[in-house]
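Here's the structure we're looking at; comments come further down.
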Amino acid sequence: QRRRQMRQNKFPHVLLLTPEEGLALEVQMALKAFGLRKLIVVGTAEELQRQNKEHAFNLILVDTDCLESGAKTELVKKIHSSREQSPPLVVALARIESKTALIELKNHNFASIIIKPVSIGIVEQALSELIERERNQPIDRQALERVHELFLKGATFEAERTLSIWLEKESDSLEGLTLLALQQLKKQEFHRAGATI
């Protein structure tokens with residue numbers, strides 16, 4: 001029950017790079033547990049970069065089997081540099097045939113690696129662990145300033161995600177609760193705002 005609550009609405013907008021239709025279907029089914037509203041599937045790294053520049057994604061999944069080794073590191077760097085304020089989590093999907101191959105892939109700065117062949121259960125488990133790990137990392141004090149900037153820009157989901165992580169760590173944070181109440185008032189959620197206040 002706790003894990004189900006923890007992952008609700010975490011990844012509504014997801015981008016997937018893969019040429020494999022079967023893989024795309026498994027991923028789409030697994031992401032329903034994370035509040036998926038829109039999944040865009042692309043076949044090339046160039047198309048992935050174009051989509052990432054045009055739309056805000058919470059999660060980007062990369063089938064690294066269709067990339068050259070050097071392109072893997074460059075792709076992750078480009079994804080992160082294109083959205084400095086709220087970079088998406090970038091997760092690799094890959095066939096791993098040796099420990100050396102796994103270590104090499106870990107060096108490309110992916111947030112997590114899901115080993116193929118995948119199933120709905122494997123994807124759910126990996127993403128749940130990623131959310132848990134992210135939540136347990138210390139959050140810097142500048143995060144609340146970024147939350148405010150994101151709200152002003154209209155990047156509501158990313159702002160609320162960062163704020164919810166903050167409040168899980170510091171449930172009595174006056175700054176965090178104030179920002180939450182202001183956002184709830186802006187959305188005309190008066191009852192929730194009153195409870196927060």
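Only heavy atoms go into these numbers, but all of them, side chains included; no hydrogens, no water, no symmetry mates. Just so it is clear, the structure is predicted and the values come from calculations on it, not from any experiment.
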How long is the span from the CG atom in L93 to the CZ atom in F110, to the nearest 0.5 Å?
-> 9.0 Å
Distance (rounded to the nearest 0.5 Å) between T178 OG1 and L182 CG = 6.5 Å
Do I120 and I114 belong together in a cluster built from hydrophobic side chains that touch within less than 4.5 Å?
-> no
Report, one line per pair, each donor and acceptor closer than 3.5 Å where one atom sits in a side chain of residues 12-22; sequence neighbours left out.
from : atom 1 : to   : atom 2 : distance (Å)
T18  : OG1    : E20  : N      : 3.1
T18  : OG1    : D63  : OD2    : 2.8
E20  : OE2    : K116 : NZ     : 3.0

Note, I131 side chain near F34 side chain (heavy atom, < 4.5 Å) = yes
Do S119 and E124 have side-chain heavy atoms sitting under 4.5 Å apart?
-> no
According to a 4.5 Å side-chain heavy-atom criterion applied to Ile, Leu, Val, Met, Phe, Trp and Tyr, with indirect links allowed, do L102 and V62 form part of one hydrophobic cluster?
-> yes
Quick one: pull up CD in E74 and CG in L67 and give me the separation to the nearest 0.5 Å.
-> 11.5 Å
Side-chain donor/acceptor pairs under 3.5 Å, residues 35-50, sequence neighbours excluded:
from : atom 1 : to  : atom 2 : distance (Å)
T44  : OG1    : E47 : N      : 3.1
E47  : OE1    : R50 : NE     : 3.1
E47  : OE1    : R50 : NH2    : 3.3
E47  : OE2    : R50 : NH2    : 2.8
E47  : OE2    : Q51 : NE2    : 3.1
R50  : NH1    : E54 : OE1    : 3.1
R50  : NH1    : E54 : OE2    : 2.9

Any pair counted as salt bridge (charged side-chain N to carboxylate O under 4.0 Å, His left out), so long as it reaches residues 188-197, sequence neighbours left out = K187-E189, E189-R192
Is there a side-chain contact (heavy atoms from CB on, under 4.5 Å) between V123 and E26 once you walk through the steps?
-> CA-CA 8 Å; V123 175; E26 291 284 344; 5.7 Å; no
For the side-chain contact (heavy atoms from CB on, under 4.5 Å) test, which of T64, N107, N109 pairs with K72?
-> T64
Student check: side-chain heavy atoms of L31 and L127 closer than 4.5 Å | yes
Are V91 and L25 in one and the same hydrophobic cluster, where Ile, Leu, Val, Met, Phe, Trp and Tyr link if side-chain heavy atoms are under 4.5 Å apart?
-> no
R133 side chain near L130 side chain, heavy-atom distance below 4.5 Å | yes
Name of the residue among V118, D65, L61 meeting side-chain contact (heavy atoms from CB on, under 4.5 Å) with L23 = V118
